[in-house]
Engineer: 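Input: one structure, supplied below.
Just so you know, these numbers come straight off a predicted model, no measurement behind them.
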Amino acid sequence: MAWTWSTSRGVRAAKNDEKLAATENSPLLQQGRGDKAVKVPEQTDEFSHLSPHESDILRKQVLVRPVSTNFFSLFRYATKKDRFVLGFGFLLAIVSGTLRPLMTVLVGDIAQLFVTYRPQSELYEYRGLGFNETSGFNSTDGYDSYPYPVTTPDEFQRQINRIALIFVGLGVTDLIASTINTYIFIDRGEVLSSRIRKNYLDSTLRQNIAYFDKLGTGEITTRISTDTLLVQEGMSEKVGQVSSNITTFISALLVAFTRSWKLTLILICITLSVLVTMTVASRYMVKFYRKSLSGYSVGGTIAEEVLSSIRNVQAFAIADRLAGQYDEFLAVTEKWGHKAGMVLGFMSGMMWFFMYCNYALAFFQGSRFIASGYLQIRQVMSVLMSMMMGSFFLSSIPPLLRHIANGIAASSKIYSAIDRDSAVDPFAPGETFPESEFRGKVEFSNLKFIYPSRVHTTVLENFNLTIEAGKTVALVGASGSGKSTIIGILGRLYNHVGGHVYVDGHDITKLNVEWLRQHISLVSQEPVLFACSIFENIAYGLIGTRYETASRIEKEALVIDACKKANAWTFIEKLPLGWDTQVGERGFLMSGGQKQRIAIARAIVSNPKILLLDEATSALDTKSEGIVQKALDAGSKGRTTIVIAHRLSTIKDADMIVVMSKGKILETGNHSQLIAKQGEYYELVKAQQIEALKEKQDEDDADSDETEFDAESDLESEGASSSSYESSSYYKENEKSALTLSRTKTGRSVSSIVIRQKPDVPAPRVDSTWTLMKFLVQLTKKENKYLVIGTVCAAINGLGHPVISILYALSITSFRNGPAEYDTMLKKIGVYAGVFFALGWIQASALFLCNATLSFVGQRLVRRIRYQTFRHIARQDMAFFDKKENSTGKLTAVLSQDAQSVEGLSGATLGQIMNAVFNIVAGSILALCAAPKMAGVFIGCVPLMVGCGYGRFSMLARVQEQAKQMNEKSAAYACEAVSSVRTVISLTRERDIVEAYEADLAMQARSSRLPTFKSAALFGTAQGLQFLIMGLGFWWGSRFIYSGEYSVAQFYIAFMSSIFGAQNAGIVFSYAADMTKAKSATQSIKNLFDREPEIDEWSDEGKVFDPEQVEGDIEFRDVHFRYPTRPSVPVLRGLNLRVKKGQYVALVGSSGCGKSTTIGLIEEFYRPLAGQVLFDGHDVNTLNINNYRSHIALVQQEPVLYAATIRENIKLGSLENPDNISDERIVDVCKQSNIHDFIASLPEGYDTLCGTKGVLLSGGQKQRIAIARALIRQPKVLLLDEATSALDSESEKVVQAALDQAAKGRTTIAVAHRLSTIQNADKIYVFEGGKVLEEGTHFELLAKRGKYYDLVQAQSLEGAE
């Protein structure tokens, strides 16, 4: 009577299984489509072709041994204090569980009292006396004349009062016990899961790089952000609930057996049927959910890659194409999710059917035991209610256990990483030697190396090289020759399979890894900065040195010195916040050159013994490169330096140059010796030789521009405050003409005036719950017919409880018949039992249909939201993605979590809510009709339940939002560290990162304690209210029965229909957490859907060009621009340039001077604040964005490839249907990009997987594939943003020739630092300070002997000879 059968726990458990399933299939193992995507290929021993010694070395670098875990494994990091507190929590959970079955004893006693109670008026009728004949009649003595025992009015009232007080005592005790044990388990779960997170991150950062290559950083971040939550759920309040429910089940059985073992054994078959149904159905449900999430795991990888490369996606207009691929996996998720929902409906329906059977069988058999005199009414009712309670709490245990099982399963994967012994452990004991003996001599002896992720390719074999201490050695050669591999081996990123590597005569495999890395500094080809200030980024280079704990003043001195040496101090000084400027996620707020200079400063700040430069100056402009190279040359003195360079001008002064090819050394020597040999190096130099004018130079122009360049070589626009330029006469004169504004005395720039006039960005909308519900209904418009069916079925289910209350009341009333009327009683009970059975089938069928239809609607809604959210995110302009709150990680979480959270207001959850609403309304109406005076109090209890549930709901909303923000912060920090793991380990930041992460988690745990206690208190209050409301109900109803105003049947009808309504109100709010997440997620999604970007690729507005009429003219007219996220920092300040049809135009200049920004404005990633960008004489703002971009192809500085095959990546560049692109056409563009021979040499050719973000390919290989992707587009305008920066000299020469050929007949704009690539350009624009300083052809600019002349001289290899 006091317990309703709800599938709420089952629903939530099933959803939770989705999370577990998502972690069990690595996206790196699946690249298929549709159902095939969810099948993991069979794993074979990929090392079988190698020798035992080699395979053992490689296997150790990637092998992850599974760890067997159990329930107690979850509490691995519990201290004695934790165990004591948890033990106390277990004790209170057991107390709470024991109290509930005592209620059944009281319910049975009350039923006995109600059935046997006889008012005095009934006694008079029995004795044949009238009310006026009672003179001298003893009212108590008359009851003895009844042929069967009855309860007198005085005894009735006394017993009712006693039982009501017991209910109050039980309620208060349960309130206290439930509150405390819930708080204990939630709080300890938070604390212990924090320790697991900390240890997981600690262990992960200790792993060797091959571990990350094989597993993928995306899966590791999933472990941190998702799996640890599963572990936390598995050790939190679910543990207390399981303990309490098991205790309740056992106690209920004991009560039932003590009351009547025969009736208990008869009814226990129903309990077993419930358990079997739950077990079998749950297995299928989990199976289907796992298949559902297996599909989405691959789709999630697509989403993450798309969002992390959004510029590339929008440039090639492939958002819809990738959205289609994404939707294929969503279809798989929907299909299996719907099947799981149908199984859930079947399970729920059968449980309801068994509940009705329980009533039918108990009343049917119980009435016979009563008729035979074997049992009394109190025993029958106690057994019935005990078995009902036992079955209910038994059925609720598997879903809760599944939470715990999911936590155990997730902990297995986490503990596997924690317990894994890294093949290269920085914290493992190892040899060291005195600092005074550390000279820096490096020797490679018979070295053989194979990447664990590419075991069929030998990168180095019999490699021998000796580098003397203090010498600078340069490694040159074609891409893939093994240059970067050598640096990786020396930095202990990988283990070699043969030979030895010595540092000062010590084998590096025996040295302490952390100690060795602290004496080596690395500057990689693609610099990685952390999301903190410039100062903090550079100061990280001091970790492991004696200055790590130095004062701020000492660190500042070292940082300033390092910045000056790296030519970074000039632009840092000019930034509004100086070195306190935030660099953004992965340094996105800095230009490529600025990031590189900060990375160089970070590398040299610690004065390392060995300096490794892997294309360290590749992103710098020529002048900055020359200055930085001189600083690096000076800094290299006294230390060993290994330089990898494609730009040979940077290594001509090296003590030794090593020319490599396919893992072997071709020749060695210094620059002069190798030139004299006229071998491979000589050919490389010729490929990079820049033409020089032969006529004699005028003496008075020899150094005319040197001082000027030094003064302004760095980008003022990236660092200068507005006052450094805004007073210039140019801007003062053009303010009026540009914007027709009156001139102000402050001399503000055009950009600043425009920015000041822009309206403030409105705060995010907060809609009402009703508005959000209408929004969701609008999204499910196509499924409304299924929604109607589900609603009708939910109404039928909701009417079930009122019908039960009528049957229950009639059955109880039948027991009032005396022995002489037992035959009548048995007939009536037989009829009622049959009605119970029939009603059970009706309810089961309705519940199945309700869940099936609403599950379909819910799954379709989730799919539609994910698909539309994906498209809406991809639709946004670049200003949206530049914001810190719209990082790739957070947007991926929106796709993954928000859409799933919305299901908290749809699907089976919606069915439960509608069921409860109909139940409350129908029950209240029935109660008022049956006994309005009693019902008034009973219904008055409903707001208590609702208020308690709503209070928890609203409080959870606040807690959820706070926890979400804190979790995002800590998870983002950990994910950033994992995604930048190479940089982290090279800086030996492992301990520093773990300590900061641990501090974040500790603060999160502390701040959540008060909200957790409030939530636990509300939960405990809801538990205690069940007893209190029951006690109040029986006490209040007894008064009317005592007075004879209402009958026992009226009482039970009013009591059960209204109290069940109150309990169902509580059930609605048992979904409080789900509803909170759903509301927050729906608001977030609605705000995204309502957001219309300024540059909208969905818009059909704007002029559309006829492809045959497109010329390709581009012109900038007085363009002013500042990035929206940095409105105080000017970038372009009146840029004017023109590119005519078919011209090859090059943009050169200092890093950050606006060259790449110009490319971004041509692509219309942004719009200028003032001025115009014209395409064929039309302002690009007035053109249709999609049609306009279809005539442009972009090759970026950092190539972007997706986790697909090489063929599929190249096809993405085409505007045609991918199925219509022939292999011959793909091969042709690959030959032009000098990548075909390499692809053909691969075992799988064009079907070779590129890996996540192209990780399985070298930088040069990725760049050449990106160039092929651009060429297959056949664009009218080709934009090359350092398109050949990652290529070796030989490949560059071939590719450049191909690009020169491809440029014919189309407009080409190239951003270049390597001037040999653009010397044949029709026009070269030299940028400085956000505008054009010089323009002309190569020879014209050399003749001017201005800035360009200086740049050429700095790159000329023979200029100084």
Engineer: Let me confirm one number: the CZ-CG distance from Phe363 to Leu810, rounded to the nearest 0.5 Å.
Structural biologist: 10.0 Å

Engineer: With a 3.5 Å distance limit and no angle check, can you tell me whether Asn851 reaches the backbone of Leu847 through a side-chain donor-acceptor pair?
Structural biologist: yes

Engineer: Can you confirm whether or not the ring centre of Tyr284 sits under 6.0 Å from the ring centre of Phe346?
Structural biologist: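 No: the rings miss the under 6.0 Å criterion.
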
Engineer: Show me the side-chain donor-acceptor pairs of residues 265-278 shorter than 3.5 Å, one per line, residues at least two apart or across chains.
Structural biologist:
{"unit_1": "Thr271", "atom_1": "OG1", "unit_2": "Ser391", "atom_2": "OG", "d": "2.7"}
{"unit_1": "Ser273", "atom_1": "OG", "unit_2": "Cys269", "atom_2": "O", "d": "2.9"}
{"unit_1": "Thr277", "atom_1": "OG1", "unit_2": "Ser273", "atom_2": "O", "d": "2.8"}

Engineer: Walk me through it: do Met387 and Thr104 pass the test side-chain contact (heavy atoms from CB on, under 4.5 Å)?
Structural biologist: CA-CA 9 Å; Met387 295 307 296; Thr104 66; over 6 Å; no

Engineer: Drop me the distance from Thr179's OG1 to Leu92's CG, to the nearest 0.5 angstrom.
Structural biologist: 10.0 Å

Engineer: So, taking the atom named CG in Leu106 and the one named CZ in Phe1034, what distance separates them when rounded to the nearest 0.5 Å?
Structural biologist: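 One finds 9.0 Å between CG of Leu106 and CZ of Phe1034.
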
Engineer: Return the minimal non-hydrogen interatomic distance between Tyr808 and Leu384, and the atom names on each side.
Structural biologist: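 What the structure gives for the nearest pair is CE1-CD2, 4.4 Å.
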
Engineer: From His801 NE2 over to Gln843 CD, what is the distance, rounded to the nearest 0.5 angstrom?
Structural biologist: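 Result: 8.5 Å between the selected atoms.
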
Engineer: Determine whether a donor-acceptor pair (N or O, by modelled atom type, separation under 3.5 Å) exists between the side chain of Tyr1046 and the backbone of Lys933.
Structural biologist: yes

Engineer: Enter the distance from Met934:CE to Glu1045:CD here, rounded to the nearest 0.5 Å.
Structural biologist: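 Answer rounded to 0.5 Å: 8.5 Å.
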
Engineer: Under the 3.5 angstrom rule, does the side chain of Arg1039 hit a backbone N or O of Trp1035 as a donor-acceptor pair?
Structural biologist: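 A pair under 3.5 Å: no.
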
Engineer: Ignoring hydrogens, what is the shortest heavy-atom contact between Ile1041 and Ser1047? Give both atom names and the distance.
Structural biologist: CG1-O, 4.3 Å

Engineer: Taking side chain as C-beta onward, heavy atoms only, is Phe938 less than 4.5 Å from Leu1032?
Structural biologist: no

Engineer: Between the main-chain N or O of Gly798 and the side-chain N or O of Asn915, is there a donor-acceptor pair closer than 3.5 Å?
Structural biologist: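 Yes, Asn915 side chain to Gly798 backbone: donor-acceptor pair under 3.5 Å.
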
Engineer: Taking Ala256's backbone N and O only, do any of them form a donor-acceptor pair with Thr264's side chain (distance below 3.5 Å, no angle check)?
Structural biologist: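 Checking the backbone N and O of Ala256 against the side chain of Thr264, a donor-acceptor pair under 3.5 Å is found.
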
Engineer: For Ser1057 and Ser805, which I'm curious about, is there any donor-acceptor pair between the side chains at under 3.5 Å?
Structural biologist: no

Engineer: Does the ring of Phe156 carry Arg158 above it, NZ/CZ under 6.0 angstrom from centre and within 45° of its axis?
Structural biologist: no

Engineer: In chain order, what residues pass the side chain to side chain donor-acceptor pair (under 3.5 Å) check against Trp1036, with sequence neighbours excluded?
Structural biologist: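 Applying side chain to side chain donor-acceptor pair (under 3.5 Å) to Trp1036 gives none.
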
Engineer: Taking all non-hydrogen atoms of both residues into account, name the closest pair between Gly240 and Asn181 and its distance.
Structural biologist: CA-OD1, 4.3 Å

Engineer: Any chance OH of Tyr832 has more than 12 other-residue heavy atoms, nucleotides or ligands included, within less than 6.0 Å?
Structural biologist: yes

Engineer: Is the Lys NZ or Arg CZ of Lys262 less than 6.0 Å from the centre of Tyr374's six-membered ring, within 45° of the axis?
Structural biologist: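 Yes, Lys262 lies over the aromatic ring of Tyr374.
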
Engineer: Between the side chains of Gln159 and Glu155, is a donor N or O closer than 3.5 angstrom to an acceptor N or O?
Structural biologist: yes

Engineer: Is a donor from one side chain sitting under 3.5 angstrom from an acceptor on the other, for Arg100 and Ser244?
Structural biologist: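 Indeed, the side chains of Arg100 and Ser244 share at least one donor-acceptor pair under 3.5 Å.
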
Engineer: What pairs of donor and acceptor atoms, side-chain ones from residues 166-177 against any protein atom, are under 3.5 angstrom apart with sequence neighbours left out?
Structural biologist:
{"unit_1": "Thr173", "atom_1": "OG1", "unit_2": "Gly169", "atom_2": "O", "d": "2.8"}
{"unit_1": "Asp174", "atom_1": "OD1", "unit_2": "Ser96", "atom_2": "OG", "d": "2.6"}
{"unit_1": "Asp174", "atom_1": "OD1", "unit_2": "Ser178", "atom_2": "OG", "d": "3.0"}

Engineer: Measure across Ser367 and Ile829 and return the closest heavy-atom pair with its distance rounded to 0.1 Å.
Structural biologist: OG-CG2, 3.6 Å

Engineer: Checking the side chain of Ser382 only, and the main-chain atoms of Gln379 only, is there a donor and an acceptor separated by less than 3.5 Å?
Structural biologist: no

Engineer: Determine, stepwise, if the pair Phe353 / Trp841 fulfils side-chain contact (heavy atoms from CB on, under 4.5 Å).
Structural biologist: CA-CA 6 Å; Phe353 172 70; Trp841 277 117; 3.3 Å; yes

Engineer: Evaluate Val105 against Arg259 for side-chain contact (heavy atoms from CB on, under 4.5 Å), listing each step before the verdict.
Structural biologist: CA-CA 9 Å; Val105 177; Arg259 287 286 180 161; 2.9 Å; yes

Engineer: Taking all non-hydrogen atoms of both residues into account, name the closest pair between Met342 and Phe848 and its distance.
Structural biologist: O-CE1, 3.5 Å

Engineer: Find the distance between CZ (Phe114) and OH (Tyr1042) and round it off to the nearest 0.5 Å.
Structural biologist: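 Reported to 0.5 Å precision, the distance equals 14.0 Å.
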
Engineer: Restricting to non-hydrogen atoms, name the atom on Phe393 and the atom on Thr248 that form the minimum distance, rounded to 0.1 Å.
Structural biologist: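 Heavy-atom minimum between the residues: CD1-CG2, 3.4 Å.
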
Engineer: Between Phe1051 and Phe1040, does the ring centroid distance fall short of 6.0 Å?
Structural biologist: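 Distance test on ring centres: not under 6.0 Å, no.
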
Engineer: Output yes when a side-chain donor or acceptor of Glu237 lies under 3.5 Å from a complementary backbone atom of Phe185, and no otherwise.
Structural biologist: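 It does not hold such a pair.
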
Engineer: Decide yes or no on side-chain contact (heavy atoms from CB on, under 4.5 Å) for Val239 and Phe90, but give the supporting numbers first.
Structural biologist: CA-CA 8 Å; Val239 176; Phe90 274 112; 3.4 Å; yes

